[in-house]
Amino acid sequence: MEAENKTLNDFILLGFLEGRAVCSILMATIYIMITISNFAVFSIIKVDSHLQTPMYFLLSCLSLLDICYSTVTLPAMLVNAITGNRRISYHICITQLYFFVCFGGSESLLLAAMAYDRYVAICNPLHYHIIMNKTFCLGFVSGCCICGALDAVFHTSMTLKLTFCGDHHINHFFCDILPMLEAACSDIHSSQMLVKVATLFFGMSPFLLVMNSYIHIISTILKIRSSEGRQKVFSTCSSHLTVVTIFYIAGIFNYNHLSSGGSFIIVQVSSFLYGVLSPLLNPVIYCLRNQEVKKALKKAITRI
């Protein structure tokens with residue numbers, strides 16, 4: 001009974017020890033930028049008739065997912081940084097863990113789906129609209145979200161079984177899987193095995209699929225006779241590949257780095273890369289550098 005009461009105590013987040021004012025301004029700026037840019041992209045794609053294609057449908061889903069993904073952590077982190085109150089209740093911590101894992105897993109699979117979309121469009125253009133039809137795209141996105149939700153259910157269920165003793169310190173900015181396992185005083189072997197399986201399914205497998213798609217895309221691009229055409233497509237693909245690589249490598253490294261002490265600083269940095277930097281860069285790389293989206297954005301601004 002005593003162990004159970006301890007488990008339901010508040011956690012103390014150790015991520016914000018110094019420089020709260022700087023962190024507050026930085027996080028507020030980042031969150032505003034993520035929300036405005038992704039909402040703008042989502043809205044433009046939904047209202048512009050020229051952007052009703054499979055690629056833009058997936059991009060609109062990514063924008064919506066990025067808003068949700070960053071909203072799970074950044075507002076709470078901002079409040080903690082401003083007030084200096086690093087306490088978070090057990091139930092809020094578990095809720096945050098669930099949605100962070102859910103949206104993170106969904107985005108990982110969605111990025112792989114988007115890479116497949118580009119592969120079909122460039123390598124098999126004559127059958128693009130047959131393969132990437134509306135039903136297929138809806139099923140693709142639904143499957144990503146369902147898998148992400150199931151992954152979150154498994155991780156949350158395993159975390160609920162853990163016992164947390166002592167001062168309930170979480171060596172992170174928010175409630176994530178590995179920092180909570182580090183804070184537990186009960187057996188975490190089953191949870192560690194689940195993390196490894198999930199990393200393989202949501203990290204390594206989608207990343208390899210993305211790399212395979214881009215290898216075929218680059219191979220096809222090299223066959224383009226026009227140097228200007230090759231340069232344009234290469235520029236786009238390299239940008240996409242850079243953002244995707246940061247997301248997957250940071251995530252894979254983060255969830256395969258269960259240790260203690262100062263090494264969790266590296267985990268915090270990797271969490272920032274895939275949890276904050278990716279939602280910030282995605283609308284810029286995927287959409288705002290896109291000529292069709294730029295035209296639609298200018299058209300929307302002139303109407304205001």
Side-chain angles (χ1 to χ4, degrees), residues 13-16 23 26-27 29-31 33-34 37-38 62-63 65-74 76-77 96-115 144 147-148 151-152 155 170-182 191-192 194-214 237-286:
L13 300 171
L14 301 180
F16 302 107
C23 287
L26 182 62
M27 281 187 294
T29 304
I30 290 174
Y31 183 62
M33 290 173 66
I34 288 173
S37 59
N38 280 288
L62 179 67
S63 295
L65 197 55
D66 278 336
I67 294 172
C68 297
Y69 195 26
S70 56
T71 300
V72 172
T73 55
L74 282 176
M77 289 164 61
Q96 188 181 62
L97 172 69
Y98 172 83
F99 284 107
F100 185 74
V101 174
C102 176
F103 293 136
S106 300
E107 179 155 341
S108 178
L109 298 178
L110 183 60
L111 287 172
M114 290 169 63
C144 293
C147 289
D151 181 45
H155 282 294
I170 295 180
N171 199 9
H172 211 346
F173 302 110
F174 57 89
C175 297
D176 198 3
I177 299 169
L178 296 192
M180 293 192 72
L181 293 183
E182 182 75 6
S191 297
Q192 286 178 309
L194 178 60
V195 169
K196 291 184 183 297
V197 172
T199 303
L200 180 65
F201 183 76
F202 288 93
M204 288 300 300
S205 298
F207 183 53
L208 291 175
L209 287 172
V210 169
M211 294 304 294
N212 183 58
S213 296
Y214 275 101
C237 289
S238 61
S239 301
H240 293 184
L241 202 54
T242 300
V243 175
V244 168
T245 301
I246 290 172
F247 179 85
Y248 284 116
I249 295 298
I252 292 168
F253 176 81
N254 186 58
Y255 290 107
N256 278 281
H257 197 68
L258 181 59
S259 54
S260 59
S263 60
F264 261 90
I265 295 173
I266 302 173
V267 173
Q268 290 168 1
V269 172
S270 63
S271 295
F272 174 81
L273 289 176
Y274 74 84
V276 177
L277 190 62
S278 288
L280 182 64
L281 293 179
N282 281 340
V284 177
I285 298 299
Y286 283 104

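Predicted model only: the values in this text are computed from it and were never measured. Values below: all heavy atoms of this structure, side chains included; hydrogens, waters and symmetry mates excluded.
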Item to check | Criterion side-chain contact (heavy atoms from CB on, under 4.5 Å) on V210 and M114, from CA distance to verdict | outcome: CA-CA 9 Å; V210 169; M114 290 169 63; over 6 Å; no
With side-chain contact (heavy atoms from CB on, under 4.5 Å) as the criterion, how do M211 and V244 come out once you've worked through the C-alpha distance, each side chain's angles and the decisive distance to 0.1 Å? CA-CA 10 Å; M211 294 304 294; V244 168; over 6 Å; no
Q: Given side-chain contact (heavy atoms from CB on, under 4.5 Å), test D66 with S278 step by step and report yes or no.
A: CA-CA 8 Å; D66 278 336; S278 288; 5.7 Å; no
(Q) Run Q96 and D176 through side chain to side chain donor-acceptor pair (under 3.5 Å) and show every step you take. (A) CA-CA 8 Å; Q96 188 181 62; D176 198 3; over 6 Å; no
- request: Give the intermediate values and the outcome of side-chain contact (heavy atoms from CB on, under 4.5 Å) for residues S108 and Y248.
  value: CA-CA 7 Å; S108 178; Y248 284 116; 3.1 Å; yes
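The aromatic rings of Y274 and Y255 sit tilted relative to each other, their planes meeting at an angle between 30° and 60°.
Rounded to the nearest 0.5 Å, atoms CG (N254) and OG (S271) are 4.0 Å apart. The distance from atom CE of M77 to atom CG of L26, rounded to the nearest 0.5 Å, is 9.0 Å. Interatomic distance, L280 CG to N38 CG, rounded to the nearest 0.5 Å: 8.5 Å. Atom CG of L111 is separated from atom CG of L209 by 12.0 Å, given to the nearest 0.5 angstrom. Here the CD1 atom belonging to I30 is positioned 10.5 Å from the OG atom belonging to S70, to the nearest 0.5 angstrom.
Side chain of T199 to main chain of I252: no donor-acceptor pair is present (N/O by atom type, distance under 3.5 Å, no hydrogens or angles). In this structure, the side chain of D151 does not engage the main chain of C147 through any donor-acceptor pair within 3.5 Å. At least one donor-acceptor pair under 3.5 Å links the side chain of S37 to the backbone N or O of I34. Distance alone, capped at 3.5 Å, places no donor-acceptor pair between the N212 side chain and the L208 backbone. Distance alone, capped at 3.5 Å, places no donor-acceptor pair between the Y214 side chain and the A115 backbone. Between the T71 side chain and the I67 main chain, a donor and an acceptor come within less than 3.5 Å of each other.
The ring of F103 has its center no closer than 6.0 angstrom to the ring center of Y69.
Side-chain contact between Y31 and V276 is absent, with no heavy atoms from C-beta onward closer than 4.5 Å.
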